[in-house]
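Treat the numbers as computed from the prediction; the structure is a model and nothing was measured. One-based numbering, in listed order, for ligands and for the atoms of each. Quick note: residue numbers are just sequence positions, from 1.
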Amino acid sequence: MGDTVVSSFDVAVVGLGAAGSSLVRSLALDGISTIGFDQFHPPHEIGSSHGETRLTRVANGEGDVYAPMALRSIEIWRELEQETGEELFVECGAIIISNPDQVAERIVRKNFLRETQSVAERFGIPHEILDAEEIRYRFPHFGISDSDRAYYEPGAGYLKPELCISTQLAAAQRIGASLRFGTKVQSIEGRGGGVVITTNDESLEVGRVAVCAGPWAGELLGPPFLAALKPYRQTLHWFPIDGEYKEAWQAGPAFTWPHGTGSGDFFYGFPYLPSTGFAKVGTEGFAATTHPDLSLSIDQNAAWQVFERHLRGRLLGLHPTGAVSKSCQYTVTSDFQFVIDHHPDNENIWIISACSGHGFKHSPAVGEAVAALLNRVEPSVDLSGFALDRLDLF
Ligand SMILES: Cc1cc2nc3c(=O)[nH]c(=O)nc-3n(C[C@H](O)[C@H](O)[C@H](O)COP(=O)(O)OP(=O)(O)OC[C@H]3O[C@@H](n4cnc5c(N)ncnc54)[C@H](O)[C@@H]3O)c2cc1C
C-alpha cells in the first residue's frame with residue numbers, strides 16, 4: 001500500500017447500516033464533506049438491520065430519553081417518504097400485552113407495559129389501556145388470559161429496515177456523500193489533528209471518523225470496546241397464517257408480549273406481511289455472545305421450539321409447519337442503552353452504537369443529532385445519557 005493520502009473529507013463514516021446510512025445523509029444535508037465505507041453492500045443480511053420489519057413506538061419503556069428521538073425519527077421517515085414516494089413506515093398501531101403485576105428478571109423492560117404507559121403519560125402520547133375483554137374483542141387473533149392488560153399506541157407500527165437503509169444511502173449520494181461499498185476498514189488511528197483510515201486498498205486521512213460498525217464495532221475499536229459492545233444472536237421466524245384468522249392478522253397491530261417473570265419470557269411480532277403473507281415473530285436471548293463473522297444459519301426446527309415455548313395459545317391461527325427462520329445480531333451494552341460518544345483517547349473518533357435491540361426506530365434522529373455534534377452545533381435531541389463514562393469499563 002502507498003503513502004497516506006490527505007483527503008478533503010471532513011468526516012468518514014465506517015459502517016452504512018441503520019446508524020451509518022442515517023448519519024451520512026444528515027452530514028451531507030448539513031453540507032459536510034463526507035465519505036462512507038461498508039465492508040458489504042447494505043442493505044444486507046449479515047449485521048443487525050435485516051428481516052423485513054422493525055417495531056417503532058413513540059413511548060418506549062426503555063426510558064424517557066427515547067420519546068423525543070422517536071418523534072423526530074418519525075418526522076424524518078415521513079420526509080423521506082415524501083421525497084422518494086417509498087413507504088418506509090407502516091402505521092398499523094402497536095400493542096404491549098402482559099400481566100401488569102408481573103415484574104420480570106431483566107435489566108430493562110422489567111414491567112414493560114407500566115413503564116411504557118408512564119412514558120406515554122409524561123409525553124402526552126396518544127394511547128389506550130385495554131382490559132382482557134377489550135383486547136379479545138378488538139384483536140381476536142390474540143389468546144388472552146383474564147389477568148392480561150394491554151398498552152395500545154395507534155400511531156405506532158413498523159419500519160421496513162432494508163428499504164429505509166437503501167433510501168437513506170441513495171439520498172446521501174444524491175446530495176454529495178461519497179460511499180465506498182465492499183471496502184473493509186482495517187484500522188482507525190488518530191494522527192495530528194486528523195484521523196487515518198486504512199482499508200485493504202488505501203490509507204486516507206480525514207478530519208473525523210464516526211464508527212457505526214454495529215456488531216463489528218468492538219472488533220474494530222479493540223479493548224475495552226470488545227467487552228462493552230457485545231454481539232448476541234437473535235432469531236426471527238415467519239409463520240403461515242390459517243385462513244380463519246387471516247383477516248384479524250391483516251388488520252392487527254405489531255405486538256410485544258412479556259409473558260412471565262423469566263428473562264426470556266418475551267416475544268414480539270408483526271401482523272400479516274404482504275410480501276410473504278406470513279406473520280413474523282422474534283424472541284430475545286442473551287445466554288452467549290457471538291462473533292459477527294460467524295455463520296447466521298439457523299436450525300429450521302427453531303420455529304417449532306419458539307412456537308411451543310412462547311406462542312401456543314397466545315398467537316391464534318399461526319402454525320409452525322412451513323415457518324421460515326433467520327437470525328440477526330443485537331449489539332448490547334451492560335445497561336441496554338446506546339453508546340454515542342467520542343473515543344476516550346481521541347475527540348476526533350466517534351462511536352455510535354444505537355442498538356441493544358431497540359435502535360432502528362431512533363436511527364434517523366440519532367444520525368441528525370450526531371451530524372450536529374460533528375458540525376459543532378447543539379443537537380436537537382439529548383444524547384448526554386449515552387456517554388461512555390457511565391459504563392464501568394471506561
Ligand atoms: C433481530 C433484531 C430485531 C430488532 N428489532 C428492533 C425493533 O423492532 N425496533 C428497533 O427500533 N430496533 C430493533 N432492533 C435493533 C436495530 O435493528 C439495530 O439497533 C440497528 O439495526 C443497528 O444498526 P447499526 O447500524 O448499528 O448496525 P448494522 O446495521 O449491522 O450496520 C453496521 C454496518 O457496519 C459495517 N461494518 C462493520 N465493520 C466494518 C468495517 N471494519 N469496515 C467497513 N464496514 C464495516 C457492516 O457491514 C454493517 O453494514 C433489532 C435488532 C435485531 C438484530
Side-chain angles (χ1 to χ4, degrees), residues 12-24 35-57 60 62 66 69-70 73-74 89 94 156-162 164-165 168-169 179-188 197-200 209-221 229 231-237 254-256 267-270 280-285 290 292-293 296 298 325-333 336-340 351-367:
V13 176
V14 180
L16 299 172
S21 61
S22 300
L23 180 56
V24 284
I35 183 166
F37 296 92
D38 202 287
Q39 60 188 341
F40 304 126
H41 292 251
H44 55 72
E45 292 229 327
I46 305 169
S48 300
S49 300
H50 56 281
E52 212 184 340
T53 56
R54 287 293 183 272
L55 226 153
T56 185
R57 240 188 335 266
N60 289 284
E62 289 90 1
Y66 296 103
M69 282 168 40
S73 293
I74 287 174
F89 172 34
Y158 67 86
L159 297 156
K160 300 176 181 174
E162 291 88 351
C164 290
I165 289 173
Q168 292 182 108
L169 292 177
L179 304 184
R180 300 208 184 149
F181 299 110
T183 306
K184 180 164 182 160
V185 171
Q186 305 289 356
S187 67
I188 298 168
I197 283 214
T198 303
T199 71
N200 282 341
V209 170
V211 176
C212 301
W216 289 268
E219 184 184 73
L220 182 61
L221 293 161
L229 302 170
Y232 289 87
R233 175 188 281 219
Q234 310 297 345
T235 60
L236 307 167
H237 312 276
F255 49 91
T256 307
F267 66 90
Y268 62 91
F270 303 88
K280 180 187 150 190
V281 174
T283 55
E284 289 187 338
T290 184
D293 289 335
L296 288 178
I298 180 168
S325 301
K326 290 187 180 178
S327 70
C328 192
Q329 302 173 66
Y330 281 9
T331 306
V332 176
T333 58
F336 282 73
Q337 309 295 341
F338 301 167
V339 162
I340 302 173
I351 298 99
I352 295 98
S353 179
C355 193
S356 291
H358 57 111
F360 199 94
K361 64 177 82 59
H362 305 297
S363 52
V366 167

Given that the side chain starts at C-beta and the backbone is N, CA, C, O, which of these parts of [X] lies under 4.0 Å from ligand 1, counting heavy atoms, or is it both or neither?
| X | value |
| --- | --- |
| Ser353 | neither |
| Tyr158 | neither |
| Leu236 | side chain |
| Glu219 | neither |
| Trp216 | side chain |
| His358 | backbone |

Would you name the heavy atoms of Ser21 and Ala18 that are closest together and state the gap between them?
->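 Result for this residue pair: OG-O, 3.3 Å.
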Can an N or O of [X] be found at a distance shorter than 3.5 Å from an N or O of ligand 1?
| X | answer |
| --- | --- |
| Ala18 | yes |
| Phe270 | no |
| Ser49 | yes |
| Tyr268 | no |
| Phe40 | no |

State plainly whether the residues Lys280 and Glu52 are in salt-bridge range, i.e. N to O under 4.0 Å.
-> no
Closer than 3.5 angstrom, by distance alone: can the side chain of [X] be matched with the main-chain N or O of [Y] as a donor-acceptor pair?
| X | Y | value |
| --- | --- | --- |
| Gln329 | Ile46 | yes |
| Thr198 | Gln186 | no |
| Ser73 | Ala365 | yes |
| Gln234 | Gly285 | yes |
| Ser363 | Lys361 | no |

Please write down residue, atom name and distance for the protein heavy atom closest to [atom].
| atom | result |
| --- | --- |
| atom 9 (N) of ligand 1 | Leu55 O, 3.0 Å |
| atom 18 (C) of ligand 1 | Cys355 SG, 3.6 Å |
| atom 16 (C) of ligand 1 | Phe360 N, 3.5 Å |
| atom 26 (O) of ligand 1 | Gly214 CA, 3.5 Å |
| atom 31 (O) of ligand 1 | Gly17 CA, 3.4 Å |
| atom 25 (O) of ligand 1 | Ala19 N, 2.9 Å |
| atom 19 (O) of ligand 1 | Ala354 O, 2.7 Å |
| atom 43 (C) of ligand 1 | Gln39 N, 3.2 Å |

Residues at least two apart in sequence or cross-chain that pass side chain to side chain contact (heavy atoms under 4.5 Å, CB included) with Glu162, listed by chain then number, are Pro43, His50
Contacts of Ser353 meeting side chain to side chain contact (heavy atoms under 4.5 Å, CB included) (sequence neighbours excluded), chain-then-number -> Leu229, Thr331, Val339, Cys355
Out of [options], indicate the one that has the non-hydrogen atom closest to [atom].
| atom | options | answer |
| --- | --- | --- |
| atom 17 (O) of ligand 1 | His41, His44, His362, Arg54 | Arg54 |
| atom 33 (C) of ligand 1 | Asp38, Val185, Leu220 | Asp38 |
| atom 32 (C) of ligand 1 | Gly47, Cys212, Gly367 | Cys212 |
| atom 30 (O) of ligand 1 | Ala217, Ser48, Ser22 | Ser48 |

For Pro215, the ligand 1 atoms whose distance to one of its heavy atoms is below 4.0 Å |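 The atoms of ligand 1 under 4.0 Å from a heavy atom of Pro215 are 30 (O).
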Could you measure the distance from the [atom1] atom of [X] to the [atom2] atom of [Y]? Nearest 0.5 Å is fine.
| X | Y | atom1 | atom2 | result |
| --- | --- | --- | --- | --- |
| Tyr268 | Phe255 | OH | CZ | 10.5 Å |
| Ser49 | His44 | OG | NE2 | 7.5 Å |
| Tyr66 | Gln337 | OH | CD | 3.5 Å |
| Leu16 | Ile165 | CG | CD1 | 9.5 Å |
| Ser325 | Leu236 | OG | CG | 8.5 Å |

Report yes or no: does a heavy atom of Ile46 sit under 4.0 Å from some atom of ligand 1?
-> no
Judged by non-hydrogen atoms, does Gly51 sit under 4.0 Å from ligand 1?
->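 The answer is no: ligand 1 sits nowhere under 4.0 Å from a heavy atom of Gly51.
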Flag the pair Tyr330 / Phe336 as yes when their ring centroid distance falls below 6.0 Å, and as no otherwise.
-> no
